[in-house]
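Reading through the structure tokens given below for one structure.
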Amino acid sequence: MDDDEAKIEGRLHGEQIEPEQPDNMLQRFIYMVLIAIMISVAQTVLGVATIVQFVVMMVNNQQPNERLADFGTDLGVWIAKAARFQTAASNVKPWPWTELD
């Protein structure tokens with residue numbers, strides 16, 4: 001595993017501070033609905049970023065924009081953390097309720 005993969009693996013599965021008290025079911029439902037809406041927005045942003053990156057690569061001799069690539073990685077990590085909360089694999093809520101690492 002190279003350094004970038006290890007870093008991403010740590011961000012996804014590294015130590016996260018679980019809340020002392022789990023949310024009651026109504027609170028969790030509200031968070032789940034809000035996060036579902038945020039995931040939908042994130043998918044749209046990902047689609048736009050994909051198109052922009054493709055155009056950049058066409059113009060720039062197949063070289064991707066590194067900042068856009070890093071943004072895509074961060075967005076992917078956020079979506080993964082949101083999905084873990086949505087499926088109850090974790091009780092840690094994604095950003096903006098916790099730090100964006």
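Residue numbers start at 1 and run along the sequence shown.
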Is there a path of hydrophobic side-chain contacts, each under 4.5 Å between heavy atoms, that joins I51 and M58? no

When rounded to the nearest 0.5 angstrom, what is the spacing between CD in Q62 and CZ in F54? 9.5 Å

Of all residues at least two apart in sequence or in a different chain, which pass the side chain to side chain contact (heavy atoms under 4.5 Å, CB included) check with L68? A49, V52, Q53, N65, F71

Minimum heavy-atom distance between W95 and W78, given as atom pair plus value: O-NE1, 2.9 Å

Could you state whether M57 and V48 fall into the same hydrophobic cluster, counting links through intermediate Ile, Leu, Val, Met, Phe, Trp or Tyr residues with side-chain heavy atoms under 4.5 angstrom apart? no

Given 3.5 Å as the limit, does a donor-acceptor pair link the side chain of T73 with the main chain of A69, or not? yes

Contacts of V33 that satisfy side chain to side chain contact (heavy atoms under 4.5 Å, CB included) - sequence neighbours left out: F29, I37

May I ask you to test the Q63-V56 pair for a side-chain heavy-atom distance under 4.5 Å? no

Decide yes or no for M38 and P96: does some side-chain heavy atom of the first lie under 4.5 Å from some side-chain heavy atom of the second? yes

Just grab all the salt bridge (Lys or Arg N to Asp or Glu O under 4.0 Å) pairs involving residues 87-100, residues at least two apart or on different chains. D23-K93

Here the gap from I39 atom CD1 to L46 atom CG, rounded to the nearest 0.5 Å, amounts to 12.5 Å

With the side chain counted from C-beta on, respond yes when M32 and F85 share a heavy-atom pair under 4.5 Å apart, and no when they do not. yes

Closest heavy-atom contact between I35 and P94? CD1-CD, 3.6 Å

Could you give the distance from CD (Q43) to CG (L75), rounded to the nearest 0.5 Å? 9.5 Å

Minimum side-chain heavy-atom gap N24-R28 below 4.5 Å: no

If you group Ile, Leu, Val, Met, Phe, Trp and Tyr by side-chain heavy-atom gaps below 4.5 Å, do W97 and V41 land in one group? yes

Atom CG of N91 and atom CD of Q21: how far apart are they, to the nearest 0.5 Å? 11.0 Å

